[in-house]
Amino acid sequence: MSDDKSSSIVRIRLRLRGRVQGVGFRPFVYRTAQALNLRGWVQNDNQGALLEVQGERQHVDAFVSKVVSEAPSPAHVDTFNQESCPLVPETGFAIIASHGQGPISATILPEISTCADCLREVDDPSNRRYKYPFTNCTHCGPRFTIIQSLPYDRPNTSMSIFAMCVDCQREYEDPLDRRFHAQPNACPVCGPRLRLIDRNRQDIVAPAFAISRAAELIQQGLIVAAQGLGGFHLIVDATHQAAVRLLRQRKHRWEKPLAVMVQNIEQAREHIDFGPTEEALLTSPEGPIVLGRKRKQSSIASGVAPDTPFLGVMLATTPLHHLLLNHVNTPIVATSGNLSEEPICIDPREATIRLAEIADAWLVHDRPIERHMDDSVVHIVCGEPQLLRRARGYAPLPVFVSDSKQVVLALGGHQKNTIALGIGDRVFVSQHIGDLESLETKQALERVVFDFLRLYAVTPDIIAHDRHPDYASTQLAEHLTAQRGPLAGIPRVAVQHHHAHLAACLADANHSGTVLGVVWDGSGLGLDGTIWGGEFLLGDCTGFERVAAIKPYPLLGGEAAAREPRRAALALLWTTFGARVFYWEDLPPIADTPKAERALILKMLERKIGTPLTSSVGRLFDAVASLSGLVKRVSFEGRGGMLLESHCDESVVNPYPLRVIDAEPASESFPHNPRWWLDSASLIEAVASDVRNGVPHEVVATRFHAALIAVTVEIALRTDAKVVALTGGCFQNRRLTAGCVEALARQQIRVVVHNQVPANDGGLSLGQALVARAGLRPGKPQD
Ligand SMILES: [Zn+2]
Ligand SMILES: [Zn+2]
């Protein structure tokens, strides 16, 4: 361009937000600018990417439209801002050093599954990365698990300890290379290395044979702990029944299904009946565990997922797993490297100690993991993906919400805990942390809180938590804000559990306005001090009215009832039939209870000892599962519901009666009574009668689901709802969700469901953040 044409020459400054760091976005900008003969520069900063370009107006316009709308996946521009600025004498286009000042709102990217180009290199004997387990490029590889601080540049990652060799450095500096500014760039000469060690951290074989020897051990039926992107997996041959049994014994995990990892989509198809939506998810950059129906002819051991037709499967998402599966040649079980319910191990030393009694060998490497990251779990409901556990591939991507000046930290619930940090128009939801039962998980929660506050460099204006005083997350909120706590003086807001679920669902679906929230789960402390869990809440994130709920019944043995479905059945039988029911030995939960225990239980129920009231639908599922004989005594929470769902039969239609009765009007003594109770006695009576008549499980399960669906429609019609939100752990049940969606759609009622965060307690932190920001103060207006 010559100076005499300068009248048509312009210069603009473009600010871009979204997935623009560490995904090859700047090289794309560079190439685009080159092709259009533009001058200027691009850089990363705390908010995303910033650039200036100068050239002929039409070229600049073409540049802007290409850059904001044609960025190659996984890069994506969410928002942009353009302004003109004075011309600058410049000779070319440059990628300049990152700028670390200003408020941090850049999107931190999650881990990205190995791309096809990298896999090809790993499998190519003539390539310098042949069989190299840490191969990656700007389109794939670790991100959030290696970041120490922002902006995302190599010195701010755990890769800073590896000095790049000449070849890697050249790739890193060449704007036209696939590894231009690929922060974890590495090769066998300069990058992280693998070892196979025993519990004393001694090498079992020379590092070159670590993968092949680990594969042999797995083929022999032994357990290998392998260090992945976000922590250790425990791995056994999934087709080896005895190995699977050994893993369950040593891990103290008896019934919960284990996840399986397979080599590629072809191998997945051999074992699972996946539809196109499931296959797209499996092969997506997120690479989650996807639930699908196991094929009859699959050689996967029955012990992997006992008594469910579904199996959770993921593809190899790193070169390490890809190479290991190449050697093992069968699907492998790849379950979190932890003792039951503890957080996943991330450090080789810690793993050899904590997993000493579980694993036989440890496949470890020296690229430090900055934070734990479990595998995400997804299933398809009504043709759409729904997250059951949100971690690798998804966290910490934000949920976009309306803008706010308040920074809010939300500490989540007690089970499946996550935290959330709301800054501006986005809420960053953390990776899955777990059930806050063990000391290790509570420590993990505290670690994640400070990790988020440090990464995003903010101090919260408000801290949100559940109303339950015994939740470890509530206690952490109290501890943090106590007089000498690290966040002393910051106001706290206690958010009702089911209100948080409702707010999470609305934010997730980006819906504003009042809806009828159907919020069904295991338990959450209600405003009246009883345990809620079968709620119809009319409202939004600013408040709600409890319009209907399951009529409260005694929760025999309190919250421990969740692991013993029989307790829910006995309490509901007694509520329905009175003391005489304890003689009805043709009902499985009665037959399973010794006579002496029956007398004790009757006394507890009659004298109201250790029997808090609940309206839980989760426990109602347990009761029906137990009453029909599907589950015996001890189990994991949610198993009753899982079994009932898997026994549903499309051909059965007539629902059990679940009567809607008028509640005593809300008064001073019952300020939180809804307009209507759903009388579970009518339902329990009908179930008991079917069970005594030997009606098959399939019929009981289907009629029960149909009853819940029918009553949802009835309450929606009675409240004249235009929009219904389905949330809470019960809506992980696909049969229930799909049934409600179809039945409500037939009445022209719009339904919103979860998509970005789980319907279970993993979504609570998002909801708490929104309720707190909506200006709710303790004591008003709902309490
Ligand atoms: Zn790649
Ligand atoms: Zn290298």
Side-chain angles (χ1 to χ4, degrees), residues 19-28 30-31 71-76 108-147 152-155 157-195 207-208 210 228-230 261 263-265 280 282-288 314-326 365-368 373 392-394:
R19 265 176 284 160
V20 294
Q21 290 190 8
V23 285
F25 184 71
R26 287 176 304 168
F28 160 71
Y30 177 92
R31 287 192 300 271
S73 170
H76 185 263
I108 300 177
L109 279 196
E111 321 318 299
I112 306 167
S113 301
T114 309
C115 72
D117 288 334
C118 284
L119 276 188
R120 245 191 310 279
E121 292 176 348
V122 169
D123 288 335
D124 174 6
S126 70
N127 191 283
R128 72 188 192 92
R129 290 191 174 83
Y130 180 51
K131 293 196 173 178
Y132 183 55
F134 305 97
T135 301
N136 66 80
C137 71
T138 49
H139 306 294
C140 72
R143 295 289 185 276
F144 190 36
T145 56
I146 60 167
I147 291 177
Y152 178 56
D153 269 328
R154 189 159 173 124
T157 70
S158 64
M159 283 299 292
S160 62
I161 56 173
F162 301 96
M164 273 185 273
C165 69
V166 179
D167 290 331
C168 285
Q169 191 71 37
R170 192 179 337 107
E171 294 165 340
Y172 185 85
E173 285 169 5
D174 178 0
L176 299 175
D177 194 279
R178 205 173 90 242
R179 297 197 165 88
F180 176 71
H181 282 221
Q183 308 306 346
N185 190 24
C187 78
V189 174
C190 65
R193 296 188 190 190
L194 209 56
R195 291 169 66 202
L229 281 177
M261 189 188 285
Q263 178 73 293
N264 46 40
I265 195 73
L282 272 175
T283 55
S284 68
E286 291 82 10
M314 64 183 139
L315 301 191
T317 57
T318 75
L320 169 57
H321 296 105
H322 175 77
L323 291 165
L324 184 65
L325 278 158
N326 268 349
H365 59 73
D366 52 358
R367 181 178 67 203
M373 191 66 58
R392 179 177 54 75
Y394 299 91

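We use all heavy atoms of the structure for the numbers below, so side chains are in, but hydrogens, waters and symmetry mates are not. In listed order, ligands and their atoms are each counted from 1.
Of the possible polar contacts, none joining the R19 side chain to the F25 backbone as a donor-acceptor pair under 3.5 Å is found. Checked by atom type and distance alone, the side chain of T138 never pairs as donor or acceptor with a backbone atom of R179 at under 3.5 Å.
Summarising the geometry, atom OG1 belonging to T114 is positioned 8.5 Å from atom CG belonging to N136; distances are rounded to the nearest 0.5 Å. Atom CD of E173 is separated from atom CE of M164 by 7.5 Å, given to the nearest 0.5 angstrom.
Partner of E111 under the side chain to side chain donor-acceptor pair (under 3.5 Å) criterion, out of T318, T317, T145: T145 alone. Screening T157, D366, N185 for a side-chain contact (heavy atoms from CB on, under 4.5 Å) with F162, the sole residue that qualifies is D366.
Our summary of the site lists the angle at the Zn ion (ligand 2) between SG of C165 and SG of C190 as 120°, to the nearest 10 degrees.
For the Zn ion (ligand 1), protein N/O/S neighbours under 2.8 Å (waters excluded) are C115 SG, C118 SG, C137 SG, C140 SG.
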